Amino acid sequence: MIQPKQLLLCSLMLLSTSSAVAQHIDILVFDANGKAAVGEYDFISQSASERLVHLARFDSDYTVNNPGFISVLGLDPLPGNQQLRWEFLPLTIDSGPHAGHRSTLLYWDGNSASPEFGPTATNDYEFSLFGIHGSATAHGTSDVEEGSIIAPTPPNGTIHEHLDFFLDDNGDGLNTSLPAAGIYVLGMRLKIAGLEDSDPFYMVWATPEVSILPDIQPAAAWVTARVDSLFVDAIPGDFNGDNSVDGNDFLAWQRDHVALGGDNALMQWQTNYGEGSAATVSALAVPEPEAFLLFTAGLSVLALLPRRK
């Protein structure tokens, strides 16, 4: 039985398309005491280990169906008769020339001495995964992007599904022009009814060029060092997505309070005010939570008073 751990730092393995097929190494999904968990399963040796950083390589047409997704009897399989789904996660760069950049698809050309991940060459890049009921795409946005269905589970909770991954540089679904050579990183999370969502896990993709393949090792080490910080769930009340709840979020709520959830969202902002990695008071005149509640209560009273002509 696989025991859940916060993080397993295991040796990095280069996965070219040919070696992945020969070894048949898939992404293992299992039930870790009521929570979906992710690991690595070698189908040939039938051995398993926990892993949050998975390596892969595109073939010449930038479409590949490895690694697959697997849940195995004897290794805490998933709940039966449910749909295993995924979502793409926005990742935030914490250092280097692109520090602060947030996107569902990161890119490094491999030309620097150490990884310097940043945005893709243009905003038209798309990374798609084709599920059994339709595809979903990481468009390079700063929001969580809902995926589709990886596989429905049978009554015994086992799956073995290989889906198509595809990288496109201009959104046309063709290879009339090719993506820039280098390393691409995306984050994913798995969801299935009956279990808590999985922790974020990451895929590090090398383009087909032979000169790029060695770069996957430092890239994977860069991601492994950041598995707990590349993606952080939004704090309730963090309306602008900067991982802190402060006066700037109140301004965002003022601008579009209906779309952000109205009064209930404002209560979340009040409850979590000051939370986050860099919560600061805006330089603008933004009321403190308690003062704001008094202010809005005063407005409500004034609205009930009769008007004089």
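On a predicted model such as this, the values are computed, not experimentally measured, just so you know. Counting from 1, the numbers follow the sequence of the chain as shown.
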Participant: About how many Å separate NZ of Lys191 and CD of Gln82, when rounded to the nearest 0.5 Å?
Facilitator: 13.5 Å
Participant: Under 6.0 Å between the ring centres of Trp205 and Phe165?
Facilitator: yes
Participant: Without hydrogens or angle criteria, can the side chains of Thr141 and Asp143 be said to hold a donor-acceptor pair below 3.5 Å?
Facilitator: no
Participant: Side chains of Val29 and Leu78: closer than 4.5 Å at any heavy-atom pair?
Facilitator: yes
Participant: So, do Asp169 and Leu178 sit near enough that their side-chain heavy atoms are less than 4.5 Å apart?
Facilitator: no
Participant: What about Tyr184 and Trp108, are their ring centers closer than 6.0 Å?
Facilitator: no
Participant: Donor-acceptor pair, distance only, cut-off 3.5 Å: does the side chain of Ser71 make one with the backbone of Thr158?
Facilitator: no
Participant: So how far is it from Ile27 CD1 to Leu190 CG, rounded to the nearest 0.5 Å?
Facilitator: 7.5 Å
Participant: State, to 0.1 Å, how close Phe130 and Ser135 come at their nearest heavy-atom pair, and which atoms those are.
Facilitator: CD2-CB, 3.4 Å
Participant: When you compare the side chains of His139 and Glu145, does any donor N or O come within less than 3.5 Å of an acceptor on the partner?
Facilitator: yes
Participant: If every non-hydrogen atom of Ala56 is compared with every non-hydrogen atom of Ile216, which pair is closest and at what distance?
Facilitator: O-CD1, 3.6 Å
Participant: What distance do Leu91 atom CG and Phe88 atom CZ have between them, rounded to the nearest 0.5 Å?
Facilitator: 11.0 Å
Participant: Please round to the nearest 0.5 Å and tell me the distance separating atom CG of Asp168 and atom CG of Asn175.
Facilitator: 7.0 Å
Participant: Within the side chain of Tyr125, is there an N or O that forms a donor-acceptor pair under 3.5 Å with the backbone of Tyr107?
Facilitator: no
Participant: Any donor and acceptor pair, going by atom type alone, linking the side chain of Ser148 with main-chain N or O of Gly134 inside 3.5 Å?
Facilitator: yes
Participant: Would you compute the distance between atom CG of Asn272 and atom CG of Asp246 and round it to the nearest 0.5 angstrom?
Facilitator: 12.0 Å
Participant: Decide yes or no on side-chain contact (heavy atoms from CB on, under 4.5 Å) for Phe58 and Thr63, but give the supporting numbers first.
Facilitator: CA-CA 6 Å; Phe58 287 109; Thr63 303; over 6 Å; no
Participant: Taking only residues two or more places apart in sequence or in another chain, which ones pass side chain to side chain donor-acceptor pair (under 3.5 Å) with Thr176?
Facilitator: Asp172
Participant: Kindly determine whether Phe166 and Phe127 satisfy side-chain contact (heavy atoms from CB on, under 4.5 Å), including the steps that lead there.
Facilitator: CA-CA 6 Å; Phe166 177 57; Phe127 188 104; over 6 Å; no
Participant: Is it true that Asp199 and Lys35 have a side-chain N and a carboxylate O under 4.0 angstrom from each other?
Facilitator: yes
Participant: Is Asp42 reaching over with its side chain to a backbone N or O of Ser47, donor-acceptor style, under 3.5 angstrom?
Facilitator: no
Participant: Does some side-chain heavy atom of Ile132 sit less than 4.5 Å from a side-chain heavy atom of Pro152?
Facilitator: yes
Participant: Using side-chain heavy atoms (C-beta onward) and a distance below 4.5 Å, is Pro200 in contact with Met188?
Facilitator: no
Participant: Has the side chain of Arg102 got a donor or acceptor atom that lies under 3.5 Å from a matching backbone atom of Ser142?
Facilitator: yes
Participant: Quick check: do Phe117 and Val185 have side-chain heavy atoms less than 4.5 Å from each other?
Facilitator: yes
Participant: Is His101 close to Thr92 at the side-chain level, that is, under 4.5 Å between some pair of heavy atoms?
Facilitator: no
Participant: How about Phe43 and His160: are their ring centroids closer than 6.0 Å?
Facilitator: yes
Participant: Which heavy atom of Ile212 sits nearest to which heavy atom of Gly182, and what is that distance?
Facilitator: CG2-O, 3.5 Å
Participant: Is Phe69 close to Leu28 at the side-chain level, that is, under 4.5 Å between some pair of heavy atoms?
Facilitator: no
Participant: Under the side chain to side chain contact (heavy atoms under 4.5 Å, CB included) rule, collect the residues that match up with Asn123, sequence neighbours excluded.
Facilitator: none
Participant: side-chain contact (heavy atoms from CB on, under 4.5 Å) for Val38 and Arg51? Distances and angles first, verdict last.
Facilitator: CA-CA 7 Å; Val38 174; Arg51 181 184 285 272; over 6 Å; no
Participant: Hey, which of Ile149, Thr153, Ile192 is the one that makes side chain to side chain contact (heavy atoms under 4.5 Å, CB included) with Gln83?
Facilitator: Ile149
Participant: Give a yes or no on whether the backbone of Val227 and the side-chain of Tyr202 come within a donor-acceptor separation of less than 3.5 Å.
Facilitator: yes
Participant: Check Ala136 against Gly147 and note the closest heavy-atom contact, atom names and distance.
Facilitator: CB-CA, 3.5 Å
Participant: So, for Thr207 and Ala180, which heavy atoms are closest and what is the spacing to 0.1 Å?
Facilitator: CG2-O, 3.7 Å
Participant: Keeping Trp86 on the side-chain end and Gly131 on the backbone end, is there a donor-acceptor pair under 3.5 Å?
Facilitator: no
Participant: Return yes if a side-chain donor-acceptor contact under 3.5 Å exists between Glu209 and Ser211, otherwise no.
Facilitator: no
Participant: For Asn65 and Leu163, run side-chain contact (heavy atoms from CB on, under 4.5 Å): C-alpha distance rounded to whole Å, both residues' side-chain angles, the deciding distance at 0.1 Å, then the answer.
Facilitator: CA-CA 5 Å; Asn65 67 354; Leu163 308 176; over 6 Å; no
Participant: Provide the closest heavy-atom pair for Glu116 versus Pro97 in the form atom of the first, atom of the second, distance.
Facilitator: OE1-CG, 3.7 Å
Participant: Counting distance only, does the side-chain N/O of Asp26 pair as donor-acceptor with the main-chain N or O of Gly68 below 3.5 Å?
Facilitator: yes
Participant: Classify the side-chain pair Arg189/Ser198 by whether it contains a donor and acceptor separated by less than 3.5 Å.
Facilitator: no
Participant: Can you find a heavy atom in the side chain of His24 that is under 4.5 Å from one in the side chain of His162?
Facilitator: yes
Participant: Can you measure from CD (Glu87) to CG (Leu89) and round to the nearest 0.5 angstrom?
Facilitator: 5.5 Å
